[in-house]
Amino acid sequence: MAVELLLLLLLCGSTISEMQPIHKSPPGTLDFGFVPVKTYDTHAYYEPGPIGILFSIVHSFLYVVQPNSFPQEVIRKLAQQKFGNIQNDYQKAIYYEIGFIICAALGLLFVLLLPLVGLCFCMCRCCDNCGGEMHQRQKKNADCRRGCFATFLFVTSLIISIGVLCAYAANQHLTDQVRGAKHLMYSNFKDLRIFLNDTPGQIDYLVSQYNTTKEKVLSDLNNVGPLLGFRVQEQLGKEVRPALDAALAMAGAIRETKEALENVSVSVEVLQEGTERLHANLTDVKAHLSNTLNDSACSAPQVASTCNMIRNSLHQLNINANYSGLPSVNLQLAKVNDVLKIDLSSLVQKGYTAFNDTPDLVMNQTRNILSDIQNVLESVGSNITSFTKSLPVEKIIADFTMYLSQSEAYVQDYFPVVEQYDFYRWLVCLILCCMVILILVFYYLGLLCGTCGYDRHASPTTRGCVSNTGGNFLMAGVGFSFIFSWVLMIVVVVTFVTGGNVEKLVCEPFEDKTLFKVFDTPYLLNQHWKNYLSGILLKNPDINLTFEKVYSDCKENKGIYTSLHLESLFNINEFLNISMYTEEVSLKIEHININLSGIILLDAPGRQNLLNFSSSGVDGINFAAYLTEINKSITKVDLLSFANDLEARADQLPRGALENALKGHANSIRTIHDQQVIPLEQAMSTLNRSIRLLQKTSSELMEKVKNVINAVNAAQLLINNNASLVIVQETKKYMDMIIGYFEQYVNWVKESVTMDVAACKPIANVIDTAVDIFLCSYVTDSVNTFWFGLGGCSIFLIPAIIFAVKLSKYYRRMDTEDVYDDVETIPMKNMENGNNGYHKEHLYGIHNPVMTSSVEQW
């Protein structure tokens, strides 16, 4: 039945391993969200609190008793031999258990000898031996001995008190934890119900997320124009756009050429007319200057040299450039105007528009394929849904829920019985502790009464009632020690052997997972099965499914699909063969046929327009003649400089009509410069720019135009003939993107099934709760601490008995005592007082009168 439940998960665990991944570029990432996972209530972790210190001490003691590692081989052989012929393993088993055997043997020896010693001690005292004789010899160190015995007994009693407190604490701890285990048990059942009830919902969520993939695929198919069309356009545009850009640049060059030709024509005309006027004006200025210099005033000796200098510079007042001989560009301008009658820019823009309509062409030519692929996607979704509904989900969940309910009811019925028996156990352990407490009460009362009632000045036969009562309490404690100690030791031995071996053979190997390795031994639990767990769960013992791996995976809260290695049992693709559908989608996408031959980048009139421009004669202009004249200045001398020099020389002359006339001529020259030379310089600058632009444009004009036409033709040829290859390549990439969505979905499902769906943490929690927490932490640690405390009490009862017997002699009232004469050195005198120098009550007939002098001597 377990396998049937897990079959639900197989729907979502499919892979497309049969498909070779054809990703070349990562597709867009899909967001499937998170699988709904509820939080489990059980925390399989136990912190014992302060009593954990006692647990650690007991663990250390057990390590001293049993430091050997877990005997895996011995356990395997014992299990495989069915606990039969194990003679060859006796030595290994004894070696492993030697610590427990020695301790148990000592305990049994304690159980056998202590009652016998007590019996012999009792009989011996009845015969007035072993301290039974009510006589105490006086010794010099009596007070020291009494103090030492009292101190030793008190320390021993404290140790026994600590031991009984440890035993009581362990006993109470076990009872409290057993009572609290009910909540932990219900928490585990609750988690198991969550585990069962949430698994179908998780599977439904995985199945429902197929819609995310389907919607994304349909969205991309609906946008096939922008997606695939832009891809095709991008690839073709690597050649098409540069060609159209070159054609558009050439159209701009034609317009610039026209403007430059117009500027040249106008500038030449302006320069020709302006230089004629300038020449006439300069001629008039020279004539007027000559007349002025020929005046009789220039004949004076002091001004003759200045006039001569001015007269010699008059030849500089003349034009320098001759623009009348420059060739006309009207013919070229007329041809360019004819070229511009056809708007080449608009023709190129039409080519741009046609090329930019590629996505729309793709959209229009793929409409029929979109509906087919949509039908395939709907078919996939229907198959997934129908397969999910065909699985007996409700029946399997109901069966497991019923089994869980029965188990929970069984536990609920018998847990009160467990609590009742635990109460009996608690009561028995309490009685055992009370036995020790009773002994301790006698010892403490004996020490209290004996210490408080002791009078060092009183003789042994005259001790007070309180002191005598203290001694009696001590002997009562000794008596009960002999009565109870062997019973206590029997309990200690039994619990020590049981609890110690459970700790060493179960708890410690469970913690380091060594115990699982034993269970995973091939042919151990079943001689016909290599792997017992896979044989039980999957009916196939050859599958490598181990207890350790399953427990570790569940401990990490992995999905049960991974933990139980279900991929080796089921062929997922038989249930959900996505590869079949993706291949069908791939075939339909591959059959996409897109025709782009309707795209015209540049028609025949446009190409002819480019050729006409190349034959416009712009490259035939005599640029050298233009540049020669342009590089010349307008006049031979800078008129402003000439005017300034003339004015400066006039200032050298005496004031008079000659000076004023020369300054007037200087002003006339400045006026000519401002009104005629500056406009001519501006016109010459315009002519310079235009000529150089024409020279640059006309440089290899024919070759440039041919290159543009060839580029446009090559791009058109690519669209007409080779676009199919580009379309196939881009369609393949587009198909890879669509298939990539399916791959993302399947990979997400696989990862979710592995880590999230039916996470088997509750199963590991049940094992941890049963073994690690309840058996080891609650029961075993408490039992071990109980026998550790009770055993310590039992062992320290022996020295307590000895010290109590010795000490009681100093507290109890004696029947006889040592009495000496004044002359103690005379043996015969001593002999008269009785045997060995003391007297008895029946010899004198009095109650042992004490000689003060004798007492004071001691």
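All residue numbers in this chain count up from 1 along the given sequence.
Judged by distance alone, the side chain of Gln744 and the main-chain N or O of Leu30 form a donor-acceptor pair under 3.5 Å. Between the side chain of Ser563 and the backbone N or O of Val550 there is no donor-acceptor pair closer than 3.5 Å. Using a distance-only test at 3.5 Å, with no hydrogens or angles considered, a donor-acceptor pair links the side chain of Ser208 to the main chain of Tyr205. Judged by distance alone, the side chain of Ser187 and the main-chain N or O of His183 form no donor-acceptor pair under 3.5 Å. Between the side chain of Asn171 and the backbone N or O of Ala167, no donor-acceptor pair lies under 3.5 Å. Thr498 places no side-chain N or O within donor-acceptor distance of the main-chain N or O of Thr495, the cut-off being under 3.5 Å. Here the side chain of Thr780 pairs no donor or acceptor atom with the backbone of Gly499 at under 3.5 angstrom.
Nearest heavy-atom pair, His173 versus Ser782, reported as atom, atom and distance to 0.1 Å: ND1-OG, 3.0 Å. In terms of heavy-atom proximity, Lys555 sits nearest to Ala764 at N-CB, 3.7 Å. When all heavy atoms are compared, the tightest approach of Ala181 to Tyr778 is CB-CE1, 4.2 Å. Taking every heavy atom of both residues into account, Leu54 and Cys166 meet most closely at CD2-SG, 3.7 Å. Scanning both residues, Pro71 and Leu505, for their nearest heavy atoms gives CD-CD2, 4.2 Å. Among all heavy-atom pairs drawn from Pro509 and Glu503, the shortest one is CD-O, 4.2 Å.
Counting non-hydrogen atoms of other residues, nucleotides and ligands closer than 6.0 Å to CG of Asp31 gives a total of 12 or fewer. The environment of NZ in Lys190 is sparse: at most 12 heavy-atom neighbours from other residues, nucleotides or ligands sit within 6.0 Å. With a 6.0 Å radius and a threshold of 12 heavy atoms from other residues, nucleotides or ligands, Glu511 has its CD atom at or below the threshold.
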*Can you check side-chain contact (heavy atoms from CB on, under 4.5 Å) on Lys517 and Phe70, steps first, answer last?*
CA-CA 11 Å; Lys517 295 179 181 179; Phe70 182 68; over 6 Å; no

*Go through the steps for Asp772 and Phe510 under the test side-chain contact (heavy atoms from CB on, under 4.5 Å), then give the verdict.*
CA-CA 8 Å; Asp772 186 39; Phe510 176 82; 3.6 Å; yes

*asked:* Run the side-chain contact (heavy atoms from CB on, under 4.5 Å) test on Phe484 and Val436 for me, step by step, so that the C-alpha distance in whole Å, both residues' side-chain angles and the decisive distance to 0.1 Å come before the verdict.
replied: CA-CA 8 Å; Phe484 295 149; Val436 180; over 6 Å; no

*Does the ring pair (Phe, Tyr, Trp, His ring centres under 6.0 Å) test come out yes or no for Phe786 and Tyr168, once each step is laid out?*
CA-CA 7 Å; Phe786 179 79; Tyr168 176 79; 9.9 Å; no

*So Phe547 and Lys513, side-chain contact (heavy atoms from CB on, under 4.5 Å) or not? Walk me through it.*
CA-CA 9 Å; Phe547 287 97; Lys513 300 181 183 179; over 6 Å; no

*asked:* Go through it in stages, so that I can follow the logic: the residues are Asp768 and Tyr46, the test is side chain to side chain donor-acceptor pair (under 3.5 Å), and I'd like the CA-CA distance, side-chain angles, deciding distance and then a yes or no.
replied: CA-CA 10 Å; Asp768 288 339; Tyr46 173 67; over 6 Å; no

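Here the CG atom belonging to Leu196 is positioned 11.0 Å from the CG atom belonging to Asp191, to the nearest 0.5 angstrom. For the atom pair CH2 (Trp486) and CG (Leu108), the distance works out to 13.0 Å, reported to the nearest 0.5 Å. Considering CD1 of Ile773 and CD1 of Ile767, their distance stands at 12.5 Å, rounded to 0.5 Å. Distance check, rounded to the nearest 0.5 Å: CD1 of Ile101 to CG of Leu106 gives 12.0 Å. Once rounded to the nearest 0.5 Å, the distance linking CG of Leu533 with CG of Asn544 reads 10.5 Å. Rounding to the nearest 0.5 Å places CG of Asn188 at 6.0 Å from CG of Asn765.
Looking at Arg193 and Glu408, a side-chain N of the basic residue comes within less than 4.0 Å of a carboxylate O on the acidic one, giving a salt bridge.
Using a 4.5 Å cut-off on side-chain heavy atoms (C-beta onward), Phe519 and Glu548 make no contact. Contact of the Val779 side chain with the Phe774 side chain is registered, since non-hydrogen atoms from C-beta on lie closer than 4.5 Å. Contact check for Thr546 versus Phe516: no side-chain heavy atoms found under the 4.5 Å cut-off. Counting heavy atoms from C-beta outward, Phe55 and Thr785 have side chains that approach closer than 4.5 Å. The side-chain heavy atoms of Phe32 and Thr213, taken from C-beta on, include a pair separated by under 4.5 Å. Side-chain atoms of Gln172 and Leu430, non-hydrogen and from C-beta on, never get closer than 4.5 Å to each other. Under the 4.5 Å side-chain criterion, counting only non-hydrogen atoms from C-beta, Leu545 is not in contact with Asn531. At least one side-chain heavy atom of Phe496 sits less than 4.5 Å from a side-chain heavy atom of Val65.
Tyr410 and Gln406 form no side-chain donor-acceptor contact under 3.5 Å, judged by distance and modelled atom types alone. A side-chain donor from one of His59 and Asp781 sits under 3.5 Å from a side-chain acceptor of the other.
Partner of Leu488 under the side chain to side chain contact (heavy atoms under 4.5 Å, CB included) criterion, out of Leu432, Val111, Val493: Leu432 alone.
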